[in-house]
Amino acid sequence: MITTASAILLLLGAATTSSARTFTVYNACPFTIWPAMFTDLNAGSAVPSYTTGWEAGAYTAVSFNVPDNWTAGRIWARRDCNFATNPGPNSCLDGGCNGGLVCDPHTGTGVPPASLAEWSLSTADGNDYYDVSLVDGYNLPLAITNNVGCPVANCPVDLGPNCTALKGPYDSTGFPVGCKSACDANLSGNPSNSPNCCSGQYSTPATCPSSGVQYYSYFSKQNCPNSYVYAYDESSGTALWTCPASKEADYTLTFCPPPS
Ligand SMILES: *[C@@H]1O[C@H](CO)[C@@H](O)[C@H](O)[C@H]1NC(C)=O
Ligand SMILES: *[C@@H]1O[C@H](CO)[C@@H](O)[C@H](O)[C@H]1NC(C)=O
Ligand SMILES: *[C@@H]1O[C@H](CO)[C@@H](O)[C@H](O)[C@H]1NC(C)=O
């Protein structure tokens, strides 16, 4: 028989060993978007207790628990979706995933261009790592904030309209809902040996400097300096952010954040 006192101890034990963070995903855009979430299950098995894809009307938010050892997780949003027929990666103008509205847990990453928010919590060095990645291009402005005073990662600017060579895809009104990365756009003509992709002979930090990545300035220096823009952007010092895991930060991801 379990006494009341030992039952309480069991509950306390459970409460202290399975701590979780609260994540909030807020759509501050004046239009509907379809957020999506993916965990690289090769890196860790802990997954948030929430669906991997949902519809978010303008100015709506959801909150859910995320295990404090969530590893290699990402959240992004999809634009201009219609899941009525043949739901899958092509159901949205960008960011679509295998699965349709709810992304497949094993293969449901987003179709570029898509701005990503990425996390690995409570890593071996005692830090949370997080970033806003434009490595797969851009499709919405976004910001990662937190409740413990750690740095903001963001790309608060609409990169579509001024994107020149990499602009698109376009919605039915002709408005650009994305800006492709130079790698994904195949600007160099050989994605397997490209300074834009850090591939082939350009596959190390030393051989793939930001100066060799076409349009790096447009993405990073001119508009979104606090984003992770290409494969080896860590050296910029404002791409990958950390927060001590001991602070147990709760994170908010805002799409279309107010201009900073
Ligand atoms: C995450 O933490 C939970 C609870 O402590 C544990 O059961 C699980 O094995 C951990 N997962 C990973 C991938 O470390
Ligand atoms: C686009 O470029 C124009 C001209 O340089 C500038 O005035 C405008 O603010 C830019 N728009 C965005 C969204 O960056
Ligand atoms: C990249 O561009 C080159 C040159 O136009 C073309 O031959 C090649 O098929 C393209 N590769 C991809 C993956 O689109």
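Both counts, for ligands and for their atoms, begin at 1 and track the order of listing.
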Provide, line by line, the atom pairs where ligand 3 and the protein bring an N/O atom each to a distance under 3.5 Å; else say none.
from     : atom 1 : to     : atom 2 : distance (Å)
ligand 3 : 2 (O)  : Asn186 : ND2    : 2.3
ligand 3 : 11 (N) : Asn186 : ND2    : 2.9
ligand 3 : 14 (O) : Asn186 : ND2    : 3.2

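A 4.5 Å side-chain heavy-atom check between Asn154 and Leu142 finds every atom pair outside the cut-off.
Of all atoms in ligand 2, numbered sequentially from 1 with element shown, those under 4.0 Å from a heavy atom of Asn162 are 1 (C), 2 (O), 3 (C), 8 (C), 10 (C), 11 (N), 12 (C), 14 (O). Those atoms of ligand 2 with a heavy atom of Asp158 less than 4.0 angstrom away are 13 (C).
Under the 3.5 Å distance criterion, with hydrogens and angles disregarded, no donor-acceptor pair is assigned to the side chains of Asp131 and Ser133. If you check the side chains of Asn190 and Ser188, you find no donor sitting under 3.5 Å from an acceptor. Of the N and O atoms on the side chains of Tyr251 and Asp128, at least one donor lies less than 3.5 Å from an acceptor on the other residue. With 3.5 Å as the limit, one finds a donor-acceptor pair spanning the side chains of Asp233 and Tyr216.
Taking SG of Cys256 as the start and CG of Asp158 as the end, the distance is 8.0 Å to the nearest 0.5 Å.
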Per-pair distances, 0.1 Å, donor-acceptor, side chain in residues 97-111, under 3.5 Å, sequence neighbours excluded:
from   : atom 1 : to     : atom 2 : distance (Å)
Asn98  : ND2    : Thr107 : O      : 3.3
Asn98  : ND2    : Thr107 : OG1    : 3.2
Asp104 : OD1    : His106 : N      : 2.7
Asp104 : OD1    : Thr107 : N      : 2.9
Asp104 : OD1    : Thr107 : OG1    : 3.4

